[in-house]
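Notes for the one structure printed next.
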Amino acid sequence: MGFILAAAGSAVGLANVWKFPYMAYENGGTFVLIYLLCLLVIGFPLLIGEMLVGKASGKGLFEAFGELGKPLWNNFGYLCILSGVLILGFYCVVGGWCFFYAGSYAMQGMGVAEVPGFGDYTGNGWQQILSTFAFVAVTIGVVMAGVMRGIEQMVRYLMPLLGILLLVFAGYATSKVGFSVVTDQLFTYNPDTLNGETVLKAVGHAFFSLSLGIGAMLVFASYLKEDNIVKAGLWVGVIDTAVALVACFVVIPMVLLIQKQGGQVDEGAGALFVAVPALLSDFAGGNWLNMLFFFLLSCAALTSSVSLFEVVASGLHSRLSPEGDPRKYNWIMGAFVMVLALITSLSVGANESISKLNLFTHFDDAVTLYLLPLGGLLIAIFVGWLMPESIIKQHFGKRAIYPVWRGIIRYVTPLAMGLILLQSFL
Ligand code: PHE
């Protein structure tokens, strides 16, 4: 249970609630359908593959592959560190937005301050800096305090609450425009929009959302004792996908509605922060509901950022000085992530010259479109072709799906990933 909680806590986060709905809206049904296909053909098999490497070796980022006989592959850890730092660079900015909205709705509820609109807020340098600072500081604080039990409790009790809230919001929002309007937008396949870019975005998002290709699942599984990899992987995948789809039924109807009423929702990344307040403006207790929602979302974001931070910092520690004090690496990492995230926070409109660099989007794209898929490809090759099959069988357990999984991870996943990555460079 501890493993499923930790892995689900890492997987379910901003990728599901903040990012997937606006991507689904912008890229349409073709993207969503390809995303679901990618989960089946690439996401699930790789999730199990990455967990196998962790469980079979019982080791972390820089030792797992060596333990399984391929020391050169330990350098995979560097890729994970690069991806991890870049993700934290923009993830903490969005986490800060959630903090800010939770806090300002509480203030508005008490009648002390007004909540600014999304554009005004992201254009305000001081507010950006303060929110991002707070999110990074809390992430570092949680890691430093070593309160993993606390994280488990958060996932166990608060995440289901976020799920219920999302379901209720989804029901209400969808009733405003009609169920079929949303499903049409979400699931209609349009061959004209089927191209390499859409496929790459879908695969990349599958990696980002499942926390794959970055060694996180590997590290969690290295603590795993029992043989329930397949079941655990399946649970994590199903929960992650369910949350993402439900979030679409909250955001998309509201975006459609706002547009129908002549309003503009052009800021993709801001869709969630516009949609939920618009939905809740119908209610007398709207401020407090908004506060509760953004608070729970902040918790979901934190369980992801903490897992990411831990994986990278512990990797650095084991690589650079396994004997030394691990806290030192938390501080070094923390300082680095803080500076990076603060600069990124000014790139969404607050500072003209930083905004021109488009750091936020570049970090996001670099990781989701290239680094995580590359990590995934490497894991598929390793598990499918280099890891001794006897070890795999020992940890996979006796399951009828073994031959299917093996065929997919050996042939389908590497081929699909290779082609997708190749075409993106052409
Ligand atoms: N999967 C997390 C989310 O959905 C983000 C994440 C990616 C966390 C990679 C850890 C590692 O928000």
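Here the structure is a predicted model, which means the values were calculated and not measured. Just so it is clear, the values below take in all heavy atoms, side chains as well, and ignore hydrogens, waters and symmetry mates. Each ligand, and each atom within it, is numbered from 1 in the order the structure gives.
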For residues 330-344, which side-chain donor-acceptor pairs fall under 3.5 Å, sequence neighbours excluded?
from, atom 1, to, atom 2, distance (Å)
Thr344, OG1, Gly89, O, 3.4
Thr344, OG1, Leu340, O, 2.6

Quick one: do Phe90 and Phe363 satisfy ring pair (Phe, Tyr, Trp, His ring centres under 6.0 Å)? Show the steps, please. CA-CA 7 Å; Phe90 75 93; Phe363 287 170; 7.5 Å; no
Checking ring pair (Phe, Tyr, Trp, His ring centres under 6.0 Å) for the pair Phe294/Phe273: CA distance, chi angles, key distance, verdict? CA-CA 9 Å; Phe294 286 112; Phe273 297 89; 5.5 Å; yes
From CA spacing to verdict: side-chain contact (heavy atoms from CB on, under 4.5 Å), Phe20, Phe31: CA-CA 10 Å; Phe20 188 70; Phe31 165 83; 3.8 Å; yes
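Looking only at protein heavy atoms, the nearest one to atom 1 (N) of ligand 1 is Phe208 O, 2.8 Å. Distance from atom 12 (O) of ligand 1 to its nearest protein heavy atom, with residue and atom name: Tyr91 OH, 2.4 Å. Protein heavy atom closest to atom 11 (C) of ligand 1, with residue, atom name and distance, is Leu308 CD1, 3.3 Å.
Not a single N or O atom of Ile214, backbone or side chain, sits closer than 3.5 Å to an N or O atom of ligand 1. Checked by distance only, ligand 1 and Leu14 come closer than 3.5 Å through their nitrogen or oxygen atoms. Considering backbone and side-chain atoms alike, Asp240 places every N or O at 3.5 Å or more from each N or O of ligand 1. Between Ala11 and ligand 1, at least one N/O pair is under 3.5 Å apart.
Evaluated by nearest non-hydrogen atom to atom 2 (C) of ligand 1, the leading choice among Gly13, Ala301, Ala8, Ser10 is Ser10.
By the neighbour-count criterion of 12 heavy atoms within 6.0 Å, atom CZ of Phe187 is densely surrounded, having more than that number from other residues, nucleotides or ligands. Counting heavy atoms of neighbouring residues, nucleotides and ligands inside a 6.0 Å radius, atom CH2 of Trp126 does not exceed 12 of them.
Classified by interplanar angle (parallel below 30°, tilted 30° to 60°, perpendicular above 60°), the ring pair Phe208/His205 is perpendicular.
With a 4.0 Å cut-off on non-hydrogen atoms, Ala15 touches ligand 1 through its backbone as well as its side chain.
Heavy-atom contacts of Ser211 reach the following atoms of ligand 1: 1 (N), 2 (C), 6 (C), 7 (C), 8 (C), 9 (C), 10 (C), 11 (C) (cutoff under 4.0 Å). Set against the non-hydrogen atoms of Asn16, the atoms of ligand 1 under 4.0 Å away are 4 (O).
Closest non-hydrogen pair, Ala24 versus Val32, comes out as CB-CG2, 3.6 Å.
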